[in-house]
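Notes follow the structure.
Excluded from the calculations below are hydrogen atoms, water molecules and symmetry mates; all remaining heavy atoms, backbone and side chain alike, are included.
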Amino acid sequence: MSVDVMCTMTISDMSYDTPGLRVLIFGDKLDSLPRVKVVGDIIRFHRVTMQNFNGIPQAVANVSKFSAYVLLSGKKDDSYEPYQTSSKGFTFEQHDRNIIDLIRDWIVTHPIGTGGGEYLVQIRRLKEGAFFDLCCKVLYVHNHAPDYAILMYVWDGTDAQPVDDMALHLLEADNAYREDMDPKHLPLSRLSQDVLRSLPSKGTILPVVPDIPSEELRPQLPPLGAWVKFRNLTCRIRHGSYEAVFMRESKISLLGPDSKLVKDCEGNYQQRAFSEEAGLPEWSPKPLECLTVTDYEHVPFSTLREVFCHAQVTQKFRCLVQVVAIWPVKVTDFCAPSSFRQKQMTLEAHSMKDNTAGKVAGYGRDLSQINKPNGYTYRIQLTVEDPTARIQAYLCAEDATRFFNGHPPADLHNNGIVVDALERKAYKLLGLPFNNKAENSSSLRKHSPPWIKCCLKSYYLDKENPWSSRRFRIFGTTLPG
DNA sequence: TTGGGG
């Protein structure tokens, strides 16, 4: 049991380049530890103890007792003035300046952290339960997140793989599952328009959650927009999405914009952004084997993050997504008496008038349906996702009839044939085996919903609050068969 | 002393 604080670093110079020397630094408080501004800076140690750990030499510095350090920039032509020292009474002579010059020159031709190490993975290679290092950009930091809440969102330009047991994960969340709890949706819906616009359009945004009190992590939180290297994170799945867990054994270090790790990430992303498959998730089938057909087949795909972050409230898109949940759960509830919906439909029709896109004018017809004798209308919510975001999209009225390739709205409680047909389609969308639908949840394991293309449009319910009342719905899409 | 890739 110790009350000391500790940090580790790997140091190298021209005499000991790879793998470098591991240094463990103990102090009595966080402020006494060296806080390296950027990997590649220079540190001078005094009175470290050399040890041998598992056959590998390592140094131990005890700053609260006898060791000391001086920390300064590793950049050529920067000041010789240290930006942090463990004690006030340090000396710095011409001899030291000469060594600093030598090291600064050497760094230019020997970039730091080139290999990345055996544990380094990209977000696209994340596996549940794995321990890994990650080079990534910090897109957002919750400076005042409570303990164990999402602390930051990071990105490396790659797409996380679809989660295998999606239905199971969402079932476990059960009633607790809400749009605003969605780890992929939450960051987006809480962010200001400015931040949303600044997000890259592709690549998974990974939440990082601390497994230690946030208080311990807060002092070392990186600045927004910084590139960092995490050491020894672990990965778990929550509500069907990956999250990285920052453990007591995890470490974070700031990377300079010139480091090879960062250049590699940026280069890969640029390559991807300008490739033929720019709009496609890395994990969707190629060539596209889609269950659905859409209007506007010539329109390029947008990612769901582009949909969510778009600068206009009302807009139309074509997307390639997986349906991970359908509500209502019972197909017999897919249609409801229209009168329930009359008020909202009126509002939606109203908002459509402000949509400059011509093809949505038909929404006024929803209103005429309300007064039809049968008085039923489709009202379904699909949770759709791609590697960039998860959103709730409504499938309503004529768009639903079109989607299901027939089956006009009706009271489905007395219509076994239609219910059977719709159930088959719902199971197909979710990638579930229809024959086992009554079995226990083990039949849900290992399913990954098929990718479907769909047209999506955004609209709003309240003219006074267009952004907060923004919704999405599916249109122009058919699931044949 | 502590911890060090669980």
Rounded interatomic separation in angstrom, taking [atom1] from [X] and [atom2] from [N]:
X        : N     : atom1 : atom2 : result
A:Arg248 : B:dG3 : CZ    : C1'   : 12 Å
A:Phe66  : B:dT1 : CZ    : P     : 7 Å
A:Phe53  : B:dT2 : CZ    : P     : 12 Å
A:Leu24  : B:dT1 : CG    : C1'   : 13 Å
A:Asp28  : B:dT2 : CG    : C1'   : 13 Å
A:Met247 : B:dG5 : CE    : C1'   : 8 Å
A:Asn54  : B:dG5 : CG    : P     : 9 Å
A:Asp133 : B:dG5 : CG    : C1'   : 8 Å

A:Ser448-A:Gln322 side chain donor-acceptor pair, cut-off 3.5 Å =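 Note: A:Ser448 and A:Gln322 side chains meet the donor-acceptor criterion.
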
Can you list every ring pair (Phe, Tyr, Trp, His ring centres under 6.0 Å) pair that touches residues 315-334 of chain A, not counting sequence neighbours?
->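 Those involving residues 315-334 of chain A are A:His310-A:Phe317.
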
First encountered from the 5' end of DNA chain B, between A:Asn52 and A:Lys65 |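 Its nucleotide being nearer the 5' end, the pick is A:Lys65.
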
Side-chain donor/acceptor of A:Arg104 to backbone N/O of A:Ser73, under 3.5 Å |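 Confirmed, A:Arg104 side chain pairs with A:Ser73 backbone.
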
Is there aromatic stacking of A:Phe26 against B:dT2, centre distance under 5.5 Å, plane angle under 30°?
->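 Stacking is present between B:dT2 and A:Phe26, given that their ring centres fall under 5.5 Å apart and the planes under 30°.
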
Considering only B:dG5, B:dT1, B:dG3, which nucleotide approaches the side chain of A:Asp4 most closely?
->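 The answer is B:dT1.
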
Which part of the nucleic acid does A:Asn62 contact within heavy-atom distance under 4.0 Å: base, sugar-phosphate only, or nothing?
->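 Base, at least one base heavy atom under 4.0 Å.
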
Not counting sequence neighbours, which residues clear ring-ring contact (aromatic ring centres under 6.0 Å, His included) with A:Trp451? List them please.
->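 A:Trp451 satisfies ring-ring contact (aromatic ring centres under 6.0 Å, His included) with no residue once adjacent residues are dropped.
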
